[in-house]
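Here the structure is laid out as structure tokens; the discussion comes afterwards.
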Protein chains: 2
Amino acid sequence: MSKGQPVRNLHKHVVDELGQRIVGGLFAPGASLPREEALAESMVVSRTALREAMKVLGAKGLIETRQKTGSRVRDKQHWNQLDADVLNWRCAAMPTDDFIAQLVEMREIVEPAAAASAARNRDRSQLARINAAYKAMAAAADLDAWVAADFEFHEAVLTATNNELLQSLFHVIATALQTFFQLSARKAKDFKYSLPLHFEVSDAIRLRRPDAAREAMRHMVTDSGSLMQARKTRRVTAA
Amino acid sequence: MSKGQPVRNLHKHVVDELGQRIVGGLFAPGASLPREEALAESMVVSRTALREAMKVLGAKGLIETRQKTGSRVRDKQHWNQLDADVLNWRCAAMPTDDFIAQLVEMREIVEPAAAASAARNRDRSQLARINAAYKAMAAAADLDAWVAADFEFHEAVLTATNNELLQSLFHVIATALQTFFQLSARKAKDFKYSLPLHFEVSDAIRLRRPDAAREAMRHMVTDSGSLMQARKTRRVTAA
DNA sequence: AAAAGTCATTTGTACTACAAATGATCCGTC
DNA sequence: GACGGATCATTTGTAGTACAAATGACTTTT
């Protein structure tokens with residue numbers, strides 16, 4: 001959802017539209033949504049399509065529906081905050097500094113922990129993938145190649161944890177963060193700045209040293225985090 | 001979903017049924033599901049109800065639907081692993097030791113980080129709530145009261161992080177873990193065993209010492225984690 | 001044999017009709 | 001007049017039909 005293209009599925013479009021309105025605050029928690037028939041008419045879709053969308057929104061914890069009463073927006077605490085769509089809607093809806101800080105904090109928690117876990121659990125092929133990504137970073141001729149290899153590096157580390165939940169969490173957070181800035185991107189002239197840090201991480205994972213891996217990754221993430229902070233401020237200031 | 005009672009909503013029942021089948025492996029990733037009409041008939045519901053369920057499963061990343069081709073189960077990597085339902089289905093479907101270990105690892109990552117964050121970000125009222133929970137634990141006369149206060153303590157800490165994503169993540173993981181064992185539960189005779197550890201956590205949060213809070217929480221969690229491990233083994237052995 | 005067009009199958013959307021639930025209302029009783 | 005219960009009206013829940021749209025499979029043409 002939320003990813004370009006003139007949505008082919010009608011109900012997905014409705015999900016997206018209503019999701020944005022709810023997360024964006026147009027429908028406040030506790031507020032009642034219009035009747036299905038009216039809502040369907042206002043969105044120019046059949047009640048069938050609208051209902052399919054409503055069920056999806058219900059599954060994401062955004063709304064609660066009862067007969068006779070209708071649908072009401074649930075309290076934020078019930079939302080599936082880690083759902084990719086919900087996260088995207090929050091990113092789209094005038095993200096507050098606070099929310100971005102939360103995302104950054106999540107990354108600062110997840111990635112070092114993942115590096116440590118990878119150092120403990122990685123197998124040979126997973127290590128090879130990490131090293132390959134590192135070499136690709138070292139060999140990157142331009143910023144695009146660097147960014148691609150960088151992403152592959154992080155993904156390889158996450159895969160090496162052998163923890164699907166951790167992978168899923170990282171994926172969701174990284175995707176959301178990319179809404180605001182390229183992951184660890186830097187100005188073109190010194191885009192290889194963090195290469196030594198990446199080496200430290202991969203080396204610690206190779207040597208199966210969880211603590212060293214965690215620390216190296218922590219340095220890396222807090223470093224790029226402070227940079228993101230700077231960019232965010234600029235962005236928000238400009239907005 | 002998955003929570004007792006003869007499901008009132010038909011489509012929710014279908015979601016649950018199909019979700020369990022998919023996550024449980026009856027429908028393997030890559031496999032095609034029967035046509036909507038056939039599937040609806042086999043589950044004794046209308047195509048309308050079935051479709052509402054399919055949309056929900058699609059939103060959870062379990063299936064992918066295209067015209068003419070039908071619906072197929074997506075690869076595990078696309079599943080919303082952090083969705084409460086998906087997690088419950090995994091818990092229900094003969095959980096492997098591996099999966100439980102993943103849940104425990106997540107908790108070991110999240111809770112110490114949360115304690116540190118709470119030490120940084122808590123406000124006065126949030127600290128008061130944590131202290132109140134601690135006092136309730138200290139005053140607990142029986143195991144039930146202890147467990148309730150214990151849960152409140154952890155929830156209070158998570159709330160004090162002021163990070164909704166972190167709260168959401170903890171909630172999902174804690175709920176899933178409770179499928180297997182009471183959070184930090186102990187034998188009746190020494191159920192207050194971990195009270196000093198809880199004091200350390202609350203005190204570090206009071207003093208705004210993130211590192212101390214993280215360490216104290218880490219002790220607590222790894223401690224109860226090893227206990228869980230023991231219980232899990234027993235459980236799996238018994239099964 | 002390759003390309004283009006046709007067909008058949010399956011999902012997508014719309015619409016209608018009625019069932020079920022439930023808040024609101026009205027009525028009767030005390 | 002107040003309370004309790006039956007009735008009503010409204011809104012979602014489910015079923016079923018009909019057709020549109022997409023697309024893989026097949027057939028025809030060159």
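Side-chain atoms are counted along with the backbone in the values below, which use heavy atoms only and exclude waters and symmetry mates. Note on naming: letters A, B, ... go to the chains in the order of the sequence lines (proteins, then strands), and numbering restarts at 1 for each one.
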Please write out the pairs of protein N or O atoms and N or O atoms of nucleotides 10-12 of chain D separated by less than 3.5 Å, giving the distance to one decimal.
residue: D:dT10; atom: O4'; partner: A:Lys68; partner atom: NZ; Å: 3.4
residue: D:dT11; atom: OP2; partner: A:Arg35; partner atom: NE; Å: 3.4
residue: D:dT11; atom: O2; partner: A:Lys68; partner atom: N; Å: 3.4
residue: D:dT12; atom: OP1; partner: A:Glu36; partner atom: N; Å: 3.4
residue: D:dT12; atom: OP2; partner: A:Glu36; partner atom: N; Å: 3.3

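With sequence neighbours excluded, no residue forms a side-chain hydrogen bond (donor to acceptor under 3.5 Å, both in side chains) with A:Thr48. Taking the ring pair (Phe, Tyr, Trp, His ring centres under 6.0 Å) definition, one finds that A:Phe99 meets it with nothing, sequence neighbours left out. For B:Phe27, there are no ring pair (Phe, Tyr, Trp, His ring centres under 6.0 Å) partners at least two apart in sequence or on another chain.
The closest side-chain donor-acceptor pair between A:Thr65 and A:Ser71 falls under 3.5 angstrom.
Residue pairs meeting the salt bridge (Lys or Arg N to Asp or Glu O under 4.0 Å) criterion with at least one partner in residues 63-76 of chain A, sequence neighbours excluded, are A:Lys76-B:Glu164. Among residues at least two apart or in separate chains, salt bridge (Lys or Arg N to Asp or Glu O under 4.0 Å) pairs with a member in residues 23-44 of chain B are B:Arg35-B:Glu37, B:Glu36-B:Arg47, B:Glu36-B:Arg51. Residues in residues 122-133 of chain A take part in these salt bridge (Lys or Arg N to Asp or Glu O under 4.0 Å) pairs, two or more places apart or across chains: A:Arg129-A:Glu152, A:Arg129-A:Glu155.
Over its full length, the helix from C:dA1-D:dT30 to C:dC30-D:dG1 turns its helical axis through 10°, comparing axes from the five pairs at each end and rounding to 10°.
Straight-line distance from the CD atom of B:Glu41 to the C1' atom of D:dG16: 14 Å, rounded to whole Å. Distance, B:His11 NE2 to D:dA15 P: 12 Å, rounded to whole Å. D:dG13 atom C1' lies 12 Å from atom NZ of B:Lys12, rounded to whole Å. Rounding to whole angstrom units, NE2 of residue A:His13 and P of C:dG12 are separated by 17 Å.
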In a table with atom names and distances, give each donor-acceptor pair under 3.5 Å that connects a side chain of residues 165-177 of chain A to protein atoms at least two apart or in another chain.
residue: A:Thr175; atom: OG1; partner: A:His171; partner atom: O; Å: 2.7

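Closest to the B:Leu10 side chain, of the nucleotides D:dA15, C:dC15, C:dG12, is D:dA15.
Distances shown here put a side-chain N or O of B:Ser46 below 4.0 Å from the OP1 or OP2 atom of D:dA15.
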